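See structure below.
Just so it is clear, the structure is predicted and the values come from calculations on it, not from any experiment. Just so it is clear, the values below take in all heavy atoms, side chains as well, and ignore hydrogens, waters and symmetry mates. Here is the naming used below: chain letters follow the sequence lines, and residue numbers restart at 1 for every chain.
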Amino acid sequence: MKLVVAVIKPFKLDEVKASLEGVGVQGLTVTDARGFGRQRGHTEVYRGAEYQVELLPKTRIEVLADDDAVEDIVKAIVDGARTGSIGDGKVWVLSVEQTLRIRTGEMGGDAL
Amino acid sequence: MKLVVAVIKPFKLDEVKASLEGVGVQGLTVTDARGFGRQRGHTEVYRGAEYQVELLPKTRIEVLADDDAVEDIVKAIVDGARTGSIGDGKVWVLSVEQTLRIRTGEMGGDAL
Amino acid sequence: MKLVVAVIKPFKLDEVKASLEGVGVQGLTVTDARGFGRQRGHTEVYRGAEYQVELLPKTRIEVLADDDAVEDIVKAIVDGARTGSIGDGKVWVLSVEQTLRIRTGEMGGDAL
Amino acid sequence: MSAALVMFMIPGLALFYGGMVRAKNVLATVMQSFFTIGLVSVLWVLAAYSLAFGPDKGGLIGGLDYLGFAGVGQQPNPDLSPTIPHIAYAVFQLFFAAITPALITGAFAERIKFSAFALFTTLWLFLVYAPLAHWVWAPGGWLRELGALDFAGGTVVHMNSGFAALAAAIVIGKRRGFLKEAIVPHNLTLTILGAGILWFGWFGFNAGSALAANGLAATAFIATNTATGAAVLGWCLTDYMRRRKTTTLGAASGAVAGLVAITPAAGFVGPMGAMAIGLAAGIVCALAVSLKFKAGYDDALDVVGVHAVGGMLGALLIGIFASTGFNELGADGLLAGGGLALLGKQAVAVAATLAFSFSLSFALLKVVDLVVGLRVTEEEERAGLDISQHEEVGYAFAEGGGGMAPVPAGHAPAERAPATVRVPQGDLG
Amino acid sequence: MSAALVMFMIPGLALFYGGMVRAKNVLATVMQSFFTIGLVSVLWVLAAYSLAFGPDKGGLIGGLDYLGFAGVGQQPNPDLSPTIPHIAYAVFQLFFAAITPALITGAFAERIKFSAFALFTTLWLFLVYAPLAHWVWAPGGWLRELGALDFAGGTVVHMNSGFAALAAAIVIGKRRGFLKEAIVPHNLTLTILGAGILWFGWFGFNAGSALAANGLAATAFIATNTATGAAVLGWCLTDYMRRRKTTTLGAASGAVAGLVAITPAAGFVGPMGAMAIGLAAGIVCALAVSLKFKAGYDDALDVVGVHAVGGMLGALLIGIFASTGFNELGADGLLAGGGLALLGKQAVAVAATLAFSFSLSFALLKVVDLVVGLRVTEEEERAGLDISQHEEVGYAFAEGGGGMAPVPAGHAPAERAPATVRVPQGDLG
Amino acid sequence: MSAALVMFMIPGLALFYGGMVRAKNVLATVMQSFFTIGLVSVLWVLAAYSLAFGPDKGGLIGGLDYLGFAGVGQQPNPDLSPTIPHIAYAVFQLFFAAITPALITGAFAERIKFSAFALFTTLWLFLVYAPLAHWVWAPGGWLRELGALDFAGGTVVHMNSGFAALAAAIVIGKRRGFLKEAIVPHNLTLTILGAGILWFGWFGFNAGSALAANGLAATAFIATNTATGAAVLGWCLTDYMRRRKTTTLGAASGAVAGLVAITPAAGFVGPMGAMAIGLAAGIVCALAVSLKFKAGYDDALDVVGVHAVGGMLGALLIGIFASTGFNELGADGLLAGGGLALLGKQAVAVAATLAFSFSLSFALLKVVDLVVGLRVTEEEERAGLDISQHEEVGYAFAEGGGGMAPVPAGHAPAERAPATVRVPQGDLG
Ligand SMILES: Nc1ncnc2c1ncn2[C@@H]1O[C@H](COP(=O)(O)OP(=O)(O)O)[C@@H](O)[C@H]1O
Ligand SMILES: Nc1ncnc2c1ncn2[C@@H]1O[C@H](COP(=O)(O)OP(=O)(O)O)[C@@H](O)[C@H]1O
Ligand SMILES: Nc1ncnc2c1ncn2[C@@H]1O[C@H](COP(=O)(O)OP(=O)(O)O)[C@@H](O)[C@H]1O
């Protein structure tokens, strides 16, 4: 069992979700995040005082997946999230030792 | 050292927290999340236009734990979070390579 | 490839960010969180009714890093986040199996 | 323009209440006040005004002469409004009739069905408000003939809504989690703004009740403001005594408590009397709102503690502080050498209002419960009334991004139709 | 003080609109209404008032006698304001002129450049609003001479802005994601509060148009309120019919629809007529706002569905419900035995307004598009107008902590300058 | 009703300020304005009115004849208010006295102890406001006798609060993180709404100062509105010059700057003079607010840059634009051929106000600091004043779920009592 985590541009969430459903993903968890990276921030101005903002809004996605589904899932995320411009984000994969569905107590692959 | 992660229904947070304290957990970190899964969403209507909302509010919990405490912790989460109805959420366990308490620099189990 | 996760006091975010940049970190992802631990909470009062609040605002940071950079990064986080008072937070390290930059498809270290 | 000010109080009330509920119920709470303006604006013209202010029938109710505002014209009406057009008087009274049921909504907030609220408000306006308004204000109304004083609606508006609220809290039952979970205000800035609007509008309410921009209006104005200021201090003082801190909600609540208590007295007392009434109201109401925890009824937004208690306090204190020195149409209270006579009449008015409003409201709520059911399901309550009753969310700060094409109402939604509107409140478990 | 109430409507409108857009555009939307007050306050004094109400030139436009309010004094003006100081009339009219272009902003919300908005508003005030105001209200204006009735601005304010909005929605094109993404209101409490302020201020708008606090004002007042209440019920009823639920946005929208529809009629109809007009407005507008999905233009905040449709409805229904019984300066509609004459005149006014306002606004928008460009870039639209047009964010709840020293404007930012102001909206992709 | 409008300005100010602070201080900031209404409403009646407007004592202070509003009746007072009831005048003045200290709170926002604020406000009202009001407005007051003009409070309200604010910013010291962290507004929609309410209420402030609804009131009304509109444009223009962008906060700030600058002049200048004053105010204040970064004092919400500077500007420009043509009780300024005499008198008033207000306020703050301590601890400041001073949070959007039973105040909380009310602001580190 793996956990695929992705940080993407917020407005790409639906495309990513759709393309994940396209490869059979049945669930995912989303959190709002802010990201700092190569992408340049912007300036805010209040009463003439300027502030450089370097943390930009991002959306963080977690998908639990069977090992052999990971490749498709990563591809699906990239397909949905890529704009080609800087700041598209990252995907990383962690290994999961145990998974469980709270409602039924099912473990492992059955938990998804 | 393990990291137990759970995605639960928001209104179950306190019950989960209480039952975790019941098994000796001394700390946890919570983030607000939105989840998509088998649970059907709902409809929103604005000036006669309908929108299907599939991402539902969830709460994400992280608990660092010694290896031998994991079983109890997972059980405690399930006890606290289960309603039996769809959408109760998931629990997954990751292996942690290193832990540290910022205040003291204590490592491993002492960090909790 | 590792993932360094830290839970810190919100007002320390910039110091941590600065000291991470000091050790060459080029990116990170931040989420707002709430934490429960040894640090005592506070009381809220509404129309004479008192509520004990035990979950305090925290900031959660994720940094993907090459294995050999982890040590510096953990140190940098501690340097930036420590106040010495209770509630400073935790740092933990997870092992990452795969990393990818969405924009370019670069993998592993090149993805950072 | 006084009438406009009174109308503006209702959106103010909507915010005052809306800020105190949880985020998942903010729209439903605001909606109840807002919808009430619309509903009462129509019902009042159709029939309620006539029932309240039509020619007296046995001191109990008005005749039907004014159905549809028939005969309510641009000329002053000698009995009701010698100084202003009859229609101006009728519309001024309209907003009193609109805010009163809106006040009640604070008691059953966060758990009532919208349909039940709408039905209850309609019945209550005709069967409880109209008769009581007739008793107190209409020529021939028995309380008016008795000589009980109510300058701007302490009985008709505040005690009436407060006792109805008590009945409502009892009949509908507690919110899920009451006394167990932390059910706290989600946006007190709205509540403060609401209190500010109420304070502002109340000048129309009280000063306007002089039915002329004259010295009496000025007297009522200063009495209103002084009592309110004193009540703010009173409530803050009470908070301070308990935990050495003042609270914003306490200040806002104190303002409303003071406005409530001075309403019946505004035109009959001087600035110092008003100050005493206000100070008392701030302290007494600050203590009264805790009753519900002991008594065990869930008056969600403390309508009883503020309006019933504050209204009674004001009505009774008239008996102490009133003086014909400020309004020769008034009467002399205890301190002005009028003895206990006035106090007695005021007590009768209070008792009559309590008995009538509480019992009849109680019965109506039972009826409504039978007909449509008062309360939402557990799942709906947990999800919040905004979603379950109105299919809307109060706040959507997160960039949902993506989503589906809006479906013209009624049509089936497209096959696969993801959407990520942020629903920050509640859970649909 | 009526003028002050009308002025207050514009911040109300700002909130009404601001709550309906996405969080990333809230400031830009609010700004457009707020800035318009400032802009028109200056332009009106300089020249626009003179063009609208200066001595008639061929029934089409006013002369330049009143440039800079020259000769607009403290004495009543026999032709324009026999009962109040000329300057009071001029300032009352100022706010009508200010809210009208502000209403249009709902159509091109969430995608227009600030510069384009400012230029368009300036041109539109002089070339569209001023002439139309002259036609309808100025002595000698051809529509006024024709005998078409418009008590408080159904043609000049509502149809005018509504048809201009239609042109704007068509010329500027759809918002990115329209019909694809979930573009939903981010803070409906603001919208309800805005609707409440509009309702409050509208009493100044309609009752104030009687230019005196007399019986006619009271008649206009009750007509305004009754129509609004009925429209709230009408829209809620329509919502209920569709999904067995009422909506908060529906109630707020209904109120505005009712206010719009009664505007031209307020002083000419009775309470029951007003109720009919309001009910019709609530239902018709609730259905009309869905047109855009079928017609495929993106009138972001439904200015067309509410103001154009509601305005037309009200103007035409005058032809049915008007009666000299309520205002001898008015006329008799169908039901009052006046036959179809009045209805015909009203139809002419509607047609003239439609043709003039739509076509000229359309042309102006094309011009503005050529000069400065109407629309922001895709990246700016996605980031939101708050950041891209004003370099501000609407909400910053998260404790950013840390950050950089503010740089006195213009200076280059320090070398390494981290800051973590929360930007909860949009993305700078 | 002008008094009601002025009262309404204070909740408006509360929002204007509340939106500009960080989320963790929103309630404390709003509370300071709201509480001030209550506090001053009581103190004014008790004694402050008498000190300000009681029979003159040597041109410096009023006698104690009016303690508790004794003798302040429904009849006009020949010296103070020949045209309206004395009590109406006294209450109108009350709100001027209430908003002035509320304005000061912008300077020490986000770091002052509530107790220190309350004590300071009380002392300041009696020792600074009352005397200055006497000098300028009371018969016998030396500045009034001198012939300096102040139509509606440029000196007493704006310069007075502005210079006191300067003293406050200096004495209390900088906010933690000033010039280091990004300290930015958390909810500018509140600020815009607040500015809108201020604009609305200011008509009562300025037009009301004519003490009658006549031509002069209309003149003051148009002057007020024109100056405000011009100032919005002026500030936006300044922003535009710097970064080719306008800002919402700039528009809101410009409106207030214009209102401030026109306050002393409203009744003495014409529309074009008002426009010049407003435009100047918008530009000058937009530049003035940056002074603090160079001078290094932390005037959190720019009370100095807007009220002190704007107030001075307006007071001095009267000397240029005033003309008896608009108000024969006024005087002729430079352009009206009055020479420099008036300008000189205005300068004396400005200097006197500066010296008196700054020095005495400075001393009072030092005293308060000694007695209760002005400033919260570092930990409290970081956690935010809402939590540390009032034990409340401004926003709780997240579904906390669960929690503990509320404990009737004073009782010890239950043993294990988890609660998850969201505290989105600050940190209790
Ligand atoms: N080392 C890292 N650890 C964790 N998250 C990162 C890291 N680097 C970048 N990110 C996340 O990825 C986002 C995009 O990275 P950025 O360098 O700006 O663009 P790109 O990924 O296209 O090169 C950042 O905003 C941040 O959220
Ligand atoms: N594959 C997945 N990866 C990550 N999170 C998931 C996954 N599937 C479900 N979840 C999370 O669990 C929540 C509940 O899942 P759902 O299928 O709706 O109900 P249940 O867990 O009872 O079957 C979802 O809302 C989502 O947050
Ligand atoms: N076992 C744990 N698992 C996950 N997060 C934890 C755990 N213990 C503490 N934390 C996080 O660390 C924060 C600080 O912990 P706390 O015990 O209060 O102080 P300290 O780390 O200084 O001992 C908590 O608020 C919580 O967010």
Side-chain angles (χ1 to χ4, degrees), chain A residues 1-10 12-13 15-16 19 29-41 51-63 65 67 70-71 73-97, chain C residues 1-8 10-34 57-67 70 73 76-77 80 92-112:
Chain A
M1 185 68 43
K2 306 288 182 196
L3 178 69
V4 182
V5 182
V7 175
I8 63 170
K9 289 177 175 173
K12 281 296 198 176
L13 175 57
E15 279 171 66
V16 169
S19 70
T29 299
V30 174
T31 43
D32 298 324
R34 290 175 284 161
F36 161 67
R38 281 172 184 65
Q39 182 183 12
R40 43 161 277 294
Y51 301 87
Q52 300 306 314
V53 178
E54 290 188 344
L55 283 169
L56 299 174
K58 299 286 169 184
T59 294
R60 185 175 179 281
I61 299 174
E62 287 173 301
V63 185
D67 301 20
V70 168
E71 203 172 313
I73 286 175
V74 172
K75 227 191 123 309
I77 291 174
V78 171
D79 293 346
R82 170 179 276 141
T83 68
S85 71
I86 198 159
D88 279 349
K90 316 286 181 193
V91 181
W92 62 84
V93 181
L94 304 172
S95 152
V96 177
E97 299 196 337
Chain C
M1 184 67 46
K2 307 286 181 194
L3 178 69
V4 182
V5 182
V7 175
I8 63 170
F11 71 94
K12 282 296 199 174
L13 175 57
D14 278 357
E15 280 171 66
V16 170
K17 179 161 167 299
S19 70
L20 281 171
E21 293 181 82
V23 297
V25 169
Q26 306 213 358
L28 49 80
T29 300
V30 175
T31 44
D32 299 324
R34 290 174 284 161
K58 299 286 169 186
T59 294
R60 185 175 178 279
I61 298 175
E62 287 173 299
V63 185
L64 288 165
D66 294 322
D67 302 21
V70 169
I73 286 174
I77 290 174
W92 61 86
V93 180
L94 304 173
S95 154
V96 177
E97 300 198 338
Q98 187 187 334
T99 326
L100 177 142
R101 182 196 307 276
I102 290 171
R103 174 168 44 98
T104 59
E106 291 161 286
M107 312 274 283
D110 307 343
L112 304 190

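Residues meeting the side chain to side chain contact (heavy atoms under 4.5 Å, CB included) test with E97(A), sequence neighbours left out: K2(B), V93(B), S95(B). The side-chain hydrogen bond (donor to acceptor under 3.5 Å, both in side chains) search around Q26(C) returns R38(A), not counting sequence neighbours. Partners of D79(A) under the side chain to side chain contact (heavy atoms under 4.5 Å, CB included) rule, at least two apart in sequence or in another chain, are K75(A).
Contact annotation for V4(A): neither backbone nor side-chain heavy atoms come within less than 4.5 Å of a heavy atom of chain C. With a threshold of 4.5 angstrom between heavy atoms, L3(C) approaches chain A through side-chain atoms but not through N, CA, C or O.
Note on A81(A), G89(A), A6(A): by heavy-atom pairs under 4.5 Å with chain C, the leading option is G89(A).
Side-chain atoms of M1(C) and W92(A), non-hydrogen and from C-beta on, never get closer than 4.5 Å to each other.
In this structure, K90(A) NZ and L112(C) CG are separated by 6.5 Å, a value rounded to the nearest 0.5 Å. For the atom pair CG of L28(C) and CD of E54(A), the computed distance is 10.0 Å after rounding to the nearest 0.5 Å.
The only option from T31(C), T29(C), V30(C) that meets the side-chain contact (heavy atoms from CB on, under 4.5 Å) definition with R34(A) turns out to be V30(C).
Of all residues in residues 99-106 of chain C, those placing a non-hydrogen atom less than 4.5 angstrom from a non-hydrogen atom of chain A are T99(C), L100(C), R101(C), I102(C), R103(C), T104(C), G105(C).
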